[in-house]
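Following: one structure in structure tokens, then a few remarks.
Computed from a predicted model, the values in this text were never measured in an experiment.
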Amino acid sequence: MAMVLSDEQKILRDTARTFLQTSAPIDQLRRLRDEASADGFDRKTWESVVEMGWTGVLVPEDHGGVGMGHVAAGVIAEEMGRTLMASPYLSTAVMGATAVVGYGSASQCNKWLPPLAAGSLNVAVAVDEGRSHSPASISTTAQPTERGFRISGSKFFVADGHVADLILVSARSAGGPNDTNGISLFLVPSAASGIEIQRQTMVDSRNSATVRLEGVEVDAETLLGEAGAGYSALEHVLDAGRACLAAEMSGSAQQCLAQTVDYITTRQQFGQPIGSFQALQHRAAHLFAEIEIGRSAVIRALQALDAASDDRSLIVSVAKSKVGWVAQLAAQEAIQMHGGIGMTDELNIGFFLKRVRVAEALYGDTNFHADKFARLRNY
Amino acid sequence: MAMVLSDEQKILRDTARTFLQTSAPIDQLRRLRDEASADGFDRKTWESVVEMGWTGVLVPEDHGGVGMGHVAAGVIAEEMGRTLMASPYLSTAVMGATAVVGYGSASQCNKWLPPLAAGSLNVAVAVDEGRSHSPASISTTAQPTERGFRISGSKFFVADGHVADLILVSARSAGGPNDTNGISLFLVPSAASGIEIQRQTMVDSRNSATVRLEGVEVDAETLLGEAGAGYSALEHVLDAGRACLAAEMSGSAQQCLAQTVDYITTRQQFGQPIGSFQALQHRAAHLFAEIEIGRSAVIRALQALDAASDDRSLIVSVAKSKVGWVAQLAAQEAIQMHGGIGMTDELNIGFFLKRVRVAEALYGDTNFHADKFARLRNY
Amino acid sequence: MRQPLREENDAVWGGRNPTFKSNEQKVWLERTVEKGWTAPEWPVKYGGGGLSKSEGKILREEMKALSARPPLMSFGVWMLGPALLKYGTEAQKQTHLPPITRGEIRWAQGYSEPNSGSDLASLMTRCELHGDHYLINGQKIWTSYGHKADWIFVLVRTDFEAAKHDGISLVLVDMAQPGVTTRPIKLLSGMSHFCETFFDDARCKVDNVVGDLNRGWTVAKYLLTHEREMIGGSAIGRAAMRPLSEIVTQQVGLNELGVLSDLVLRTDVVRTEIDSLAFLWTTERVADEAKAGQGVGAMSAMLKYSGTELNKRRYELMMYSAGHDALTLGHEANLARDWLRTKGNSIEGGTSEIQLNIIAKRILGLPSA
Amino acid sequence: MRQPLREENDAVWGGRNPTFKSNEQKVWLERTVEKGWTAPEWPVKYGGGGLSKSEGKILREEMKALSARPPLMSFGVWMLGPALLKYGTEAQKQTHLPPITRGEIRWAQGYSEPNSGSDLASLMTRCELHGDHYLINGQKIWTSYGHKADWIFVLVRTDFEAAKHDGISLVLVDMAQPGVTTRPIKLLSGMSHFCETFFDDARCKVDNVVGDLNRGWTVAKYLLTHEREMIGGSAIGRAAMRPLSEIVTQQVGLNELGVLSDLVLRTDVVRTEIDSLAFLWTTERVADEAKAGQGVGAMSAMLKYSGTELNKRRYELMMYSAGHDALTLGHEANLARDWLRTKGNSIEGGTSEIQLNIIAKRILGLPSA
């Protein structure tokens, strides 16, 4: 597949860029932070996003979506990364949709996809239980009951968990602590009895939540896919999230470089623009090269998701690891090249540094994916 | 201990520098290479080295040496690194002397140290048997016999083995393939029956040899220290070698930087010296900082050897790992900053790149020592 | 007081309105002031301890061995004092040094301006004679703890016709006057100890010029060397802290073979530990060489550069090892806040780029463009 | 011919005195020449295959799928041809292109001079009219395979009064004349395919100037883009080679947990593999964008920079994994020789520094000093 955007995708990109820079510039995130917004995102902007169909980007048309695929979903994420728009897009439109579309029964699809595409259903993915990402290391249990399952356990770092209507929960119905077998996935309404959701504001001013499930009784209909065989579905959902996070970070990295180039072109020291100093030029040029290399990994990963490629996991790990590293370099270089002003909260770059750090950690940091890559290649 | 040279050590350094730059400049190594010298070093220069007492630098005065210690031994090695003088100094005066002085019986000291200090006895250390350094992974065996031991096995990458009169051989008298227990050390005359020594010219134009021992019968007097308990002595000998290799590489790195600074100060492009371009300035300055940091590790390691510090191994691993890395950076940056001429054999920098590569690999490369450091710190 | 400082907030800074978190802090300061040990190597007549460099080193080592806290944090001791001792008049020394050693006057540094960051000498704050005193007008930025300081040493322009470096003077200004106002700057860590400081017809007596008028650049550079050494000194403190591997191992754990479970992180940790140890030894070596009268003057630039870059690496790895926990706002260890703060290390006190310029030009002798 | 090339020595370069290592090589060349596939996208009338860009890409992919060797290595095809097609006269195209496609004339590149390396436009080789022809005097350096070439395209100065970039022309010179001599330069790998080339009243007909007289700099830059693409292309070849981890795993082995025994090396290998894959995809993306008429022209500088730096890393890690073996001269795999050779990758064809300059100025638009 050619690694260029289709005409349709290019239109989407241009629309998204214009919309986000106008309606959700980075000052929106600053305002949400300073006002300690209860939602953590702007409902009005989100309504416009829904109207444009972005929540249905991965939902087939016969379920009310636009079914444009992962490359398109990544295009949106990349543009969101440029202005750091806060929203439940990743959890809902990318991961939630991938889960239901890919593994939902006909009745689950009918039940969940139309409201998801219509923006009336927010989804959150509850997977991690420890200090760092490790999707097979779970001790949340799902015990069979007469009408379905009883789920108990605690999930941390659940992005957008506090605004979710539906929570995708991974739980162990069999096997030991690190077994990939024995993991089941459930679509649990957040209003279910026994669920306690505690919001946590993150360093990037976005939200995540601790989700505690104490003997939550769910019926059999909540089970996504087959009992005990949910791990590969979970990996698929995570890979969709990882690829779009990489796309988002790629957008952030590009924005950091662009702002830095602007700044060093105008900032004068020693009687000339500091961007004329060769040391800064070479570092900016190196960063450009790294960003371009990262961009290729992102588009390849999104294409691998669309093509359901056998190499999907390996390619996604390349993208998440590489771009996670590149985006941090971009934010750090941006701060350093801005000098004194780079240290301040007033400059927007700090928001990028913080968001990139969280996005990099989410669903596996750059080391996690490097290690995963090596294991996939048997070393 | 203050990390500065004593007056005596400073005089030694100045003497060594003058002598080596006059009598053993890097062109000597080039000549030895181009003439495919049988010895691989210049006998005449070596005689002067002996006269100056350098072979006795670690040998106590009552055995004919000057007993100046490891810091002094390192000062000599560092200066040798500046001109890449080829000689059996490291094997004989540093490692051979450390072995006999530290672990030899009275009769072994009386027998071997005076000729060693007098330059009439060359020693080589035969330890490695595989692709990379791993002193406990040996399968050379030492079986007890009536009059002593019978040694069989093959040793590779034995520096200066082809000109050695006496070979320090590590052999297993008990234990499994990776046990540190059960290793014994022997001082085996290279003329002993059953020894086959095959010279190998290395990429740095220095020498190493393959030493094969087939049922070599040695008497009990050849055993250094206690049977089966030689590993810690071996590590001590290796650490002395590693610290002096780090000193040598530090000298090479400093020389690479100095030559590069000279070159970029004079070479004109775009109407100005290329050393005025900030990108090169910053890289040269960064290299300077790294070299200085490496120098501190070297002197600390040499002092730890003199002080028989408990932390010796850890400190030596810091020095070997750090300087191994820094010296490679120095050689690579030197080539790159020299541009076209940097690619040629005509420029001396190529000799540094090659020697540093071999010195870095000898007795554990930078990864080996990083790993060893981590294990010493229990992670 | 035999516990390392945990936060800057815990430290004693003195001043006209000093704050002590405990009575022990107050007593500890009083006792050290009596012995002159807040400035051990200054002459006794100016409130110092009168110790030689060697004696001073022994004192520092003993203090360190006891894990004793520094009794007083002071830009007066670290930066202004050395400059006054070298360039000040006898009257200036007698007036300003003793209050510094007693922690009675807290000093701030007025160097950078919004348009004069790395290019410090392009500063434009005006200082003009007006009868028997000077009037100062302009703005300084990155004034550390400017809102808490009593006096400020300020680089000002006193000759507007002269070449860039030749019309600069260093003047001492009392901040307790209506012409001086400060405004804290919020950093990306959310904290703020840096200020903007505004001078609006601020007054300064003519005998408060340090060194010759219009020759302040020399004094300024000397003072900057001490600033770099101070930052280098805190780098030593950091390097001597708990080994990184201990922190990481506790967070991440070991695998079945007894090595860190995150194998990729392990490589970065070991390389950083090796670099940190070798850097720590370098700070010691440079100090020993300085004591022995050897070494290169501009080495403080190398220590500032390498020390701050290393500290950033250390915090990056601590963030990796803490994982999600550290990313939550209000996480008790405040690791994220400290991590964000490190991003300024390589900017404040002269950027890494400026340090590299100094090494390239003053140590390596590379030509100017 | 369905085996990858193992060494440059195995390749077919053509020329007046061609060498073939086997009859298969000769037949393979003849067959591809018949189809015009030595230059698939050139017009049929000049000996090319007349394929469109898309068809050319399909052909390359099919060849790759078959593991087919390139029938002909040729600076004529890669560099001079594109420049002639764009800037040459009809007569020049008819004269020079067909022999290139048939592998009958081997071309060399005469660009750099001893004092004009990165600052190429400062070149001083003189080209002066002498009756109906030019006389060329001067010296070129880094002429790849200059000692084996038949003709050379040379950058010369034809106007000594004009500004630096305005007096340069590109001329085509037959090397089979007494005025042209070459001398190989020994590289630090011990090999030598670079030459010095000397012009001593070498003759060149007036119709062998490519493009307008004194406007050669434009042609030269166009040609350099193709050189960078060629180097980028070989980077693709390398990236598509055997995965680094396979080589390293074979040498170093796995531990009890099934991961590479050298844990520190493992981190470097995995990072290099990740970068290599992402870089490989970047070469594909840039090609796809170019085909789609998108993308940035100067991207070849980015590919040249990143590709060569990556190749150096790859060989460093191969050296680590081979350990002592590779350090022995005459080691059969010749790894050390190839490793040493890579040190030139980031110098030849425009240094990494020059590529970074190009990116900074032409892509990022950063200002000149």
Side-chain angles (χ1 to χ4, degrees), chain A residues 1-6 10 257-258 260-262 264-266 272-278 280-301 303 311 314-315 317-323 325-326 366-367 369-379, chain D residues 54 57 243-246 248-249 252-254 258-261 266-267 269-271 273-296 299 301-307 309-310 352-353 355-361 363-369:
Chain A
M1 199 185 306
M3 297 177 74
V4 288
L5 297 186
S6 67
K10 273 189 276 185
L257 176 60
T260 303
V261 166
D262 281 353
I264 66 178
T265 302
T266 51
Q272 49 190 313
I274 60 174
S276 69
F277 294 120
Q278 199 193 35
L280 294 197
Q281 290 193 343
H282 279 198
R283 278 162 51 191
H286 172 76
L287 178 58
F288 171 81
E290 290 291 297
I291 288 174
E292 287 300 309
I293 291 170
R295 284 182 62 204
S296 311
V298 169
I299 191 166
R300 194 74 164 208
Q303 288 183 342
D311 283 343
L314 185 112
I315 296 172
S317 279
V318 169
K320 185 71 165 51
S321 183
K322 178 69 187 171
V323 181
W325 190 87
V326 168
T366 179
N367 294 342
H369 286 288
D371 191 75
K372 191 176 173 198
F373 177 95
R375 288 176 199 276
L376 287 168
R377 285 218 162 162
N378 302 310
Y379 68 97
Chain D
S54 316
K57 189 183 174 190
L244 179 61
S245 57
E246 240 181 77
V248 173
T249 303
V252 178
L254 304 179
V259 306
L260 199 71
S261 293
R266 180 178 184 263
T267 298
V269 169
V270 64
R271 286 180 175 156
E273 285 209 301
I274 285 174
D275 286 353
S276 299
L277 267 179
F279 175 74
L280 173 68
W281 299 333
T282 305
T283 61
E284 294 178 20
R285 180 168 66 87
V286 170
D288 288 343
E289 285 175 352
K291 229 181 76 188
Q294 304 170 7
V296 186
M299 280 298 272
M302 182 251 131
L303 296 181
K304 203 279 178 183
Y305 165 67
S306 299
E309 296 295 337
L310 207 44
S352 282
E353 290 77 10
Q355 309 308 324
L356 291 170
N357 285 348
I358 293 173
I359 296 170
K361 288 184 180 138
I363 301 182
L364 301 179
L366 288 170
S368 293

Please flag which part of [X] lies under 4.5 Å from any non-hydrogen atom of chain D: side chain, backbone, both or neither.
X        : result
A/Asn367 : side chain
A/Lys10  : side chain
A/Ile299 : side chain

Which answer fits [X], side chain, backbone, both or neither, if we ask what part of it has an atom under 4.5 Å from a heavy atom of chain A?
X        : value
D/Val252 : neither
D/Leu366 : both
D/Leu254 : side chain
D/Lys361 : side chain
D/Glu246 : neither
D/Ser368 : backbone

If you count heavy-atom pairs under 4.5 Å with chain A, which of [options] comes out on top?
options                      : value
D/Asp275, D/Val248, D/Thr267 : D/Asp275
D/Arg266, D/Lys291, D/Met302 : D/Arg266
D/Thr249, D/Leu364, D/Leu260 : D/Leu364

Hey, does the side chain of [X] reach the backbone of [Y] with a donor-acceptor pair shorter than 3.5 angstrom?
X        : Y        : value
D/Asp288 : A/Met3   : yes
A/Gln281 : D/Pro367 : yes
D/Arg285 : A/Glu292 : yes

Specify which of [options] makes the most heavy-atom pairs with chain D at under 4.5 Å.
options                      : answer
A/Phe373, A/Trp325, A/Phe277 : A/Phe373
A/Ala289, A/Ala284, A/Ala285 : A/Ala285
A/Glu290, A/Arg377, A/Gln272 : A/Arg377

| request: For residues D/Ala369 and A/Ser276, report the shortest heavy-atom separation together with the two atoms involved. | output: CA-CB, 3.7 Å
| note | Note: A/Ala370 and D/Ile274 closest approach over all heavy atoms is CA-CD1, 3.9 Å
| field | Intermediate values then yes/no, side chain to side chain contact (heavy atoms under 4.5 Å, CB included), D/Phe279 and A/Lys322 | value | CA-CA 11 Å; D/Phe279 175 74; A/Lys322 178 69 187 171; over 6 Å; no
| request: Begin from the C-alpha positions of A/Phe288 and D/Ile363 and carry the test side chain to side chain contact (heavy atoms under 4.5 Å, CB included) through to its verdict. | output: CA-CA 9 Å; A/Phe288 171 81; D/Ile363 301 182; 3.5 Å; yes
| message | Set out, in order, the CA-CA distance, both residues' side-chain angles and the distance that settles side chain to side chain contact (heavy atoms under 4.5 Å, CB included) for A/Ile293 and D/Trp281, then state yes or no. | response | CA-CA 8 Å; A/Ile293 291 170; D/Trp281 299 333; over 6 Å; no
| said: As an exercise, state the distance from OG of D/Ser352 to NE2 of A/His282, rounded to the nearest 0.5 Å. | reply: 9.5 Å
